Amino acid sequence: MNESKDFLRLIVEEDLNSGKYKEVVTRFPPEPNGFPHIGHAKSIALNFGIARDYKGHCNLRMDDTDPSKEDTKYVQALKDAVEWLGFDWGENVYYTSDYFSKLYVYAQELIKMGKAYVDSLSEEEIREYRGTVTQPGKRSRYAQRSVEENLELFEKMKQGEFKDGEHILRAKIDMSAANMKMRDPLLYRIRHVKHFRAGDEWSIYPMYDFAHCLSDYIEGVTHSICTLEFENNRDVYNWVLDTLKLKPPRPYQHEFARLGINYTVMSKRKLLELVEGGYVSGWDDPRLPSIAGYKRRGYTPESILNFCDQIGVAKANSTVDISQLEFCIRDDLNTKVPRVLCVLDPLKVSIVNYEGSEEIEASYYPHDVPKEGSRKVLFSKEIYIERDDFNEEPPSGYFRLTPTQDVRLRHGYIITCKEVVKDTNGNIIEIKAEYYPDSKSGSDTSGRKVKSAIQWVSAKKAKEIEVRLYDRLYKNEAPESIEDLNPNSLHVIQNALIESAVIDEKPDVRFQFERQGYFYADPVDYSDEKPVFNKIVSLKDSWSKKKKPQSRQNKAQAKKVQIDGEVTPMSEAEQALFDRYTTKLHLNSEVANTLARDINLSAFYSQALSVINSPVALANIVSNEVARELKGREISELKFSATQIAKLVKIIDDGTISNKIAKQVFEQMSKTGKDPMWIVEQKGLIQISDPSVIVPVIEDVIAKNPDNVAKFRAGNRKLLGFFVGQVLKSTGGKANPQIVNKLVIESLEK
RNA sequence: UGGGGUAUCGCCAAGCGGUAAGGCAUUGGUUUUUGGUACCAAUAUUCGGGGGUUCGAAUCCCUCUACCCCAUCCA
């Protein structure tokens, strides 16, 4: 399984180790306004999974702040999904609506601090005032209402004295913020709607940005994990919690990429459209990626969980191949379910040399599945086989029955085709065959070899069943609309034939129909009179693949041409600086460019340069290391000074330390602000250049890695880095890498 | 166009300056009374492009490009 941890677990571990939190608390916070889908499963697996792995807990919280959309039936579906996936939400389900009173007090608090105000602009005005992504917004004229007035107005909003949209509570942040979410976000709106839980008690409801962070805080959540589209909201999340000056610890928000799967859709809107438009039979239509759909189709919770585990968690928008999911369900069912014989498209076969009947003992499981159990199958003169398993003019490589090729009936005898009976249109309606009496499975003495064994059922005892075959819902890999629906996503077979034990004995609800796929007794429509089976997934089929090899798209040739954009030209001053750097100081143009374009860097550089005259080495370190520390900061914020950097360059120049050690020293400097030489002495980092000290270390490394030595000598030059790395490691990084490099090559090549 | 993200194999995804993990898919082969399973093997001289720093860069610096998110009184 996946050994490596995802970035969220890494964060949790770090926070636990650093003592930031004593216990991890996560939450799964869906809005009860739709049915959960496999994307929710990913979130459930993540949040509950982290809580389980780090011995914390995970709350199930309904984020029910918009009464116009939410409903209790969705609450149930959400609870079902979590439960089905095997997670325990503990004592109770949480609701944001339970915190409405607390939230109201927090809002009053904000108003008292002058950090929130009642705005009375119209909806259109609010939009207008917000500005655009490139233009700052402007603050409402109502923003300067007094605390008292705001408090009073807010109270009246609560009392229901205003109509919807008349007033609104906003945070007072910054109307010109580059992050548009920070342009005085809306906190409370008036809504005279009955809430499915709170009833008519409230006529104002909190918005996501206000309610979510505080609900997290109230519940003692430590890690508030959400999807990427909330990245911009993180600033508001932090603002609310910070300005309220709440007693720590408080939660922090982290974002991950939502799940996408090809050939399907995941958005609530599109899913709703499919259901309400009647394109599918309901939320539990087995073609839907809804939890209810997978459940009805026959997927197991284990397979879904396993899938979530396999795909990992990261921040890159991605679309997982549906075959990954299919693999998971096959993999799960392979070792679990009984194998039975079912013929989907029956072709009659008469065994002309067989009379009477017999019962054959057949194991439910193949040799490689360590489970016990068997049933009896009836063999008699008239049987049915799959129409596909006979071919009069077989393509090359066809393993099944042909006029000249025998085949084994699974668990039964080998048969040979004697005659093909056709109707007037030339359609094959029956095969007359003979069996070999000494070829019975388990006691075969015939010595005959056949290429395959096929499924069959006896005409006498087979039961008729309905089988629903599902294919991908959309024909396009990245479907956009209803147009992209696959018209053949559902194929119903009314009269498939299955061996009787499946119906009479019901050994399980999920089966492998041998050579076809995994099937599930439909939990809704199945009855003894009319058994119905859903196809969960096909078996892998390397035969059909061989027949029609998929057109491999030549993505390699579609390699995109890189367009190089224009670099913004330097200002006159920058250009002058650049020229001086390149001509007078002999810096290379890239370094000169970096320095010249950054006013902070060039200032820092000239300061250091006045201390030591080593322009190139200094420039390199300033344009690389110092540049990193200076990103988004001012020189005054740095712990180290230009003089100290000059000192660092000096000890590099005189060979006291190597460039490698310099990085280490620099790191210390930027953390502690200590002098470089002090750090070097304190840590004993003076570099070792004496070959008589280094060579024995090299010999040692060589002796310990004979395999890699051989590989290196065979031409794998990449391994040089490995050896140098090892030597450096055993000297605590102090060996002079240039010398080590040289000596390693010498030692390896002798 | 401002801000926030992301880019490693056909699809996911590890990697945090020292030999480019793993899974799915694909392709061979072995076992097989399922064209299944299991097993073995192959598959990135290269990490979006270009420069730079370094003995050594997917990892650090600069720069360009592409894609995603943000202007609901939704979450």
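On a predicted model such as this, the values are computed, not experimentally measured, just so you know. Residue numbers begin at 1 in each chain, while the letters A, B, ... track the order of the sequences.
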Base, sugar-phosphate, or nothing for [X], non-hydrogen atoms under 4.0 angstrom?
| X | value |
| --- | --- |
| Glu123(A) | base |
| Lys268(A) | nothing |
| Arg628(A) | sugar-phosphate |
| Arg400(A) | base |
| Ile261(A) | nothing |
| Val320(A) | sugar-phosphate |
| Lys315(A) | sugar-phosphate |
| His367(A) | base |
| Leu720(A) | nothing |
| Thr65(A) | sugar-phosphate |

Closest listed nucleotide, where the reference is the side chain of [X] and the choices are [options]:
| X | options | answer |
| --- | --- | --- |
| Ser323(A) | U19(B), A25(B), C62(B) | A25(B) |
| Ala314(A) | A14(B), G35(B), G2(B) | A14(B) |
| Phe327(A) | A13(B), A25(B), G2(B) | A25(B) |
| Leu719(A) | U34(B), C73(B), U19(B) | U19(B) |
| Thr319(A) | C69(B), A75(B), C12(B) | C12(B) |
| Arg127(A) | A14(B), U72(B), U34(B) | U72(B) |
| Ile168(A) | G36(B), C73(B), A21(B) | C73(B) |
| Phe230(A) | U34(B), A75(B), G2(B) | A75(B) |
| Asn334(A) | U37(B), G5(B), U72(B) | U37(B) |
| Asp368(A) | C55(B), G36(B), A7(B) | G36(B) |

Span that lies between the [atom1] atom of [M] and that of [N], in whole angstrom:
| N | M | atom1 | value |
| --- | --- | --- | --- |
| U46(B) | U19(B) | C1' | 13 Å |
| G22(B) | A44(B) | P | 12 Å |
| U27(B) | C9(B) | C1' | 15 Å |
| A41(B) | C47(B) | C1' | 25 Å |
| G51(B) | G18(B) | P | 24 Å |
| U1(B) | A71(B) | C1' | 13 Å |
| C67(B) | C55(B) | C1' | 37 Å |

Measure distances between side-chain N and O atoms of [X] and base N and O atoms of [N], and say whether any donor-acceptor pair falls under 3.5 Å.
| X | N | value |
| --- | --- | --- |
| Asn708(A) | U19(B) | yes |
| Gln324(A) | G23(B) | yes |
| Arg515(A) | U34(B) | no |
| Arg330(A) | G36(B) | no |

Using side-chain hydrogen bond (donor to acceptor under 3.5 Å, both in side chains) as the criterion, point out the one residue from Arg27(A), Gln253(A), Arg234(A) that pairs with Ser224(A). Arg27(A)
Measuring to OP1 and OP2 of [N], would you say a side-chain N or O of [X] lies under 4.0 angstrom away?
| X | N | value |
| --- | --- | --- |
| Arg191(A) | C74(B) | yes |
| Lys631(A) | C61(B) | yes |
| Ser318(A) | C11(B) | no |
| Ser544(A) | G35(B) | no |
| Arg189(A) | C74(B) | yes |
| Arg234(A) | G4(B) | no |
| Lys540(A) | G35(B) | no |
| Arg61(A) | A75(B) | no |

Of Ser441(A) and Thr335(A), the one whose nearest nucleotide on RNA chain B sits closer to the 5' end is Ser441(A)
Starting at the 5' end of RNA chain B and moving along, which residue's nearest nucleotide shows up first, Gln512(A) or Val313(A)? Val313(A)
Give a yes or no on this: more than 12 heavy atoms of other residues, nucleotides or ligands lie within 6.0 Å of atom CZ of Arg258(A). no
Syn or anti for U72(B), taking syn as within 90° of 0? syn
What does nucleotides 39-52 of chain B look like as a protein-contact string, B for base, S for sugar-phosphate only, - for none, at under 4.0 angstrom between heavy atoms? -------B-BS-BB
Would you say Phe399(A) stacks on G35(B), if stacking means ring centres under 5.5 Å apart and planes within less than 30 degrees? yes
For Trp543(A) and G35(B), is the gap between ring centres under 5.5 Å while the planes differ by less than 30°? yes
For Arg410(A) and U32(B), what is the distance between atoms CZ and P respectively, to the nearest whole Å? 14 Å
